[in-house]
There are 2 protein chains.
Amino acid sequence: MFSKACKYAIRSTIYIAEQTSSGKRVGIKEIVKAIDSPEAFTAKILQQLSKAQIIESVKGPAGGFVINEKKLNKLKLSEVVEAIDGDSIYKDCGLGFKVCSEKTPCPMHHKFKGIRNELKEMLENTCVIELSQSLEKGLSFLNR
Amino acid sequence: MFSKACKYAIRSTIYIAEQTSSGKRVGIKEIVKAIDSPEAFTAKILQQLSKAQIIESVKGPAGGFVINEKKLNKLKLSEVVEAIDGDSIYKDCGLGFKVCSEKTPCPMHHKFKGIRNELKEMLENTCVIELSQSLEKGLSFLNR
DNA sequence: TTATTAAAAGACATGAATGTCCTTTATTAA
DNA sequence: TTAATAAAGGACATTCATGTCTTTTAATAA
C-alpha cells in the first residue's frame, strides 16, 4: 500500500506531533527509538518532510524536529503521504494502465474506484493531531 | 497497491478468460500483445498461475493457456492476487507494524481497517468472468 | 572564537522486484 | 522417428527502493 519510506514518514510525523504537543523538540535518535526504524534512512525521510514544510528542523545543540503549531492544527495524513509517495496511490489505475477512466475503463476500474476514493477521503480527512492524541492517551502504539 | 507482477497476472487472467470463453487457446505472444506487458516476465507469472491451478498450460504446437471451464465459472480476483502477492495487502498493518490489532492498534488502525477490508471484499466478490465479459462487450479495455 | 552538537548532504552498499536470455521439456504433425 | 512448436526452467541483468557511512553546515554555549 504505502512504501516503507512513507510508513516511516507517517510514524515519525505522529511521534513528532505528540512530542511537539507536550512542548518537546525531538532528535533523530529518540525518534527512531520510538518508532522502531533505521536511523540514517529515517533521517533522509525527515529531510524530505522538512523540505515539504511538514515538519521543521533545528540544527545544533538541543536541536531536533518539531511541527509548527499552526501547521499541526490542520495537518492531514494526505500531506505526509503525498510528500513521500506522491498521489499515485489514489490516482493510478489498479491494473497499471496509463489511460483508464470512466470513458475508457480497465476491466477492474468500476470495482476499484470506490476503494481508491475511500482511501483518498480517509487520508484527506484524518488529522495527524488526532492520531497523536490517541497515542498520547495510550490508546494506540508506535512500537510493535 | 498491487505489484507489477500481480497487475500482469490479473490482466493475463482476464484476457485468457475472455479467449477461453470464445473457445480459443492463447499463446504467450498473443497475450503480451493484448495486455501490453514484457513477454519473458509475463511468462514467469503465467507459470506461477499455472502452478496455483488458476490457469492451465499446454505445451507444443497449438499449445498455450486456457482456464478450465468449471474453474472459470467461480474464479475470483482474490485467487489471482493471492497467488502472486499473497494476502498481505489486506492483512498487514498500514504502518508496517508486526503487531497491530483491535487490542493493540497502531495510530492509523481504526481509520485504515475499513479500507483494507473493503479491498478484501471487493477481490473476494469479483468474478474474473464478469470482468472478461465486460471486455468482450467492448465496455472495458486491456491495452492503453 | 572555539568546541560541541545535531541535522543536511552526498556517496556508496544492499536487497528485492522487474526484466531478459538461453536451454530443456513436452506435445504435435509430418 | 524426426522436426517444429510452445511452455518450463534456470541463470543472469537491470532498476529501484531501502539502508549505511562519512563529511559538511548551522546553531549553541563555554
Side-chain angles (χ1 to χ4, degrees), chain A residues 1-13 15-16 19-20 24-33 35-67 81 83-86 88-89 92 95-96, chain B residues 1-13 15-16 19-20 24-33 35-67 81 83-86 88-89 92 95-96:
Chain A
M1 192 73 82
F2 306 113
S3 68
K4 281 197 173 189
C6 189
K7 290 172 186 170
Y8 297 150
I10 297 172
R11 296 192 205 174
S12 299
T13 303
Y15 181 70
I16 297 167
Q19 295 302 304
T20 292
K24 290 176 202 147
R25 184 181 287 170
V26 285
I28 184 67
K29 282 179 200 303
E30 184 186 337
I31 294 171
V32 302
K33 198 179 276 185
I35 71 169
D36 188 27
S37 69
E39 178 174 331
F41 187 48
T42 306
K44 295 288 184 197
I45 296 160
L46 295 185
Q47 278 180 43
Q48 288 181 258
L49 293 179
S50 178
K51 279 179 187 161
Q53 310 206 310
I54 289 168
I55 63 177
E56 288 173 12
S57 74
V58 182
K59 287 184 177 180
F65 299 89
V66 281
I67 300 177
V81 171
I84 306 298
D85 279 356
S88 63
I89 194 165
D92 286 3
L95 295 185
Chain B
M1 194 72 83
F2 307 114
S3 69
K4 282 197 173 191
C6 189
K7 291 172 185 170
Y8 297 151
I10 297 172
R11 296 192 204 175
S12 298
T13 304
Y15 181 70
I16 296 167
Q19 295 302 303
T20 292
K24 291 175 202 147
R25 184 181 288 169
V26 285
I28 184 68
K29 282 177 200 304
E30 184 186 337
I31 294 171
V32 302
K33 197 179 277 185
I35 71 170
D36 188 28
S37 69
E39 178 172 331
F41 187 47
T42 306
K44 297 287 184 197
I45 296 160
L46 295 185
Q47 278 181 42
Q48 288 181 259
L49 293 179
S50 179
K51 278 179 189 160
Q53 311 207 308
I54 289 168
I55 63 177
E56 287 173 11
S57 74
V58 181
K59 287 182 176 180
F65 299 89
V66 282
I67 300 178
V81 171
I84 306 298
D85 279 356
S88 62
I89 194 165
D92 286 1
L95 295 185

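Order of the sequence lines sets the chain letters (A, B, ...), proteins ahead of strands, with each chain counted from 1. All figures in this text were calculated on a predicted structure; none of them were measured in a lab.
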Participant: Within the side chain of B:T42, is there an N or O that forms a donor-acceptor pair under 3.5 Å with the backbone of B:P38?
Facilitator: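 Yes.
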Participant: Mind checking A:K51 for me? I need base, sugar-phosphate or nothing, with any heavy atom below 4.0 Å counting as a touch.
Facilitator: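 Result for A:K51 = sugar-phosphate.
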Participant: Hey, what do you get for CD (A:E30) to CD1 (A:I16), rounding to the nearest 0.5 Å?
Facilitator: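 Between A:E30 CD and A:I16 CD1, I get 10.0 Å after rounding to 0.5 Å.
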Participant: Expressed in angstrom and rounded to an integer, what is the separation of B:Q48 atom CD from D:dA7 atom C1'?
Facilitator: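 My rounded result for the distance is 15 Å.
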Participant: Take the protein atom CG of A:L46 and the nucleotide atom C1' of C:dA8, then report the distance between them rounded to whole Å.
Facilitator: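 Whole-Å distance recorded here is 12 Å.
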Participant: At 4.0 Å (heavy atoms only), tell me whether B:I28 reaches a base, stays on the sugar-phosphate, or touches nothing.
Facilitator: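 If one applies the 4.0 Å heavy-atom cut-off, B:I28 turns out to touch the sugar-phosphate alone, with no base involved.
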Participant: For the atom pair CD (B:Q48) and CD1 (B:I54), what is the distance rounded to the nearest 0.5 Å?
Facilitator: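 CD1 of B:I54 is found 10.0 Å from CD of B:Q48.
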Participant: Using whole Å, what does the distance between atom P of nucleotide C:dA6 and atom CD1 of A:I16 come to?
Facilitator: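 Value for this atom pair: 16 Å.
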Participant: Check the distance between D:dA8's P and B:I31's CD1 and give it to me in whole angstrom.
Facilitator: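 Distance, rounded to whole Å: 10 Å.
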Participant: Can you tell me how far the CG atom of B:L49 sits from the CD1 atom of B:I67, to the nearest 0.5 Å?
Facilitator: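 Rounded to the nearest 0.5 Å, the CG-CD1 separation comes to 8.5 Å.
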Participant: Given C:dA8, is OP1 or OP2 found less than 4.0 Å from the side-chain N or O atoms of A:S57?
Facilitator: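 Answer yes for this pair, as a side-chain N or O of A:S57 is under 4.0 Å from OP1 or OP2.
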Participant: Starting at CD of A:Q47, measure out to OG of A:S57 and round the result to the nearest 0.5 Å.
Facilitator: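 Going from CD on A:Q47 over to OG on A:S57, the span is 8.5 Å.
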Participant: To 10°, what angle do the rotation axes through the five end pairs on each side of the helix from C:dT1-D:dA30 to C:dA30-D:dT1 form?
Facilitator: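 End axes: 0° apart.
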Participant: If you measure from NZ on B:K4 to CD1 on B:I84, what distance do you get to the nearest 0.5 Å?
Facilitator: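 If I round to the nearest 0.5 Å, the distance is 15.5 Å.
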Participant: OP1 or OP2 of C:dA7 versus the side-chain N and O atoms of A:Q47: is any pair under 4.0 Å?
Facilitator: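 For A:Q47, the contact criterion (side-chain N or O under 4.0 Å from OP1 or OP2 of C:dA7) is not met.
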Participant: Can you give one letter per nucleotide of nucleotides 17-30 of chain C, 5' to 3': B if a protein heavy atom sits under 4.0 Å from the base, S if only from the sugar-phosphate, - if neither?
Facilitator: -SBB----BBBB--
Participant: Going from CD1 on A:I28 to CZ on A:F65, what distance comes out if it is rounded to the nearest 0.5 angstrom?
Facilitator: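 One gets 5.5 Å once the value is rounded to the nearest 0.5 Å.
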Participant: Look at the side chain of A:S50 and the backbone N and O of A:L46, then say whether any donor-acceptor pair between them is shorter than 3.5 Å.
Facilitator: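 Answer holds: no.
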Participant: Rounded to whole angstroms, how far apart are NZ on B:K29 and P on D:dA8?
Facilitator: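 Atom-to-atom, B:K29 to D:dA8, this comes out as 14 Å.
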Participant: Whole angstroms only, please: what is the CD1-C1' distance between B:I55 and D:dA6?
Facilitator: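 Going from B:I55 (CD1) to D:dA6 (C1'), I get 14 Å.
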Participant: Restricting to ring-ring contact (aromatic ring centres under 6.0 Å, His included), what partner residues turn up for A:Y15, sequence neighbours left out?
Facilitator: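 Counting only residues at least two positions away or on another chain, A:Y15 forms no ring-ring contact (aromatic ring centres under 6.0 Å, His included).
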Participant: Roughly how many Å is it from CD1 in A:I45 to P in D:dA17, rounded to a whole number?
Facilitator: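 Taking CD1 of A:I45 and P of D:dA17, I get 13 Å after rounding.
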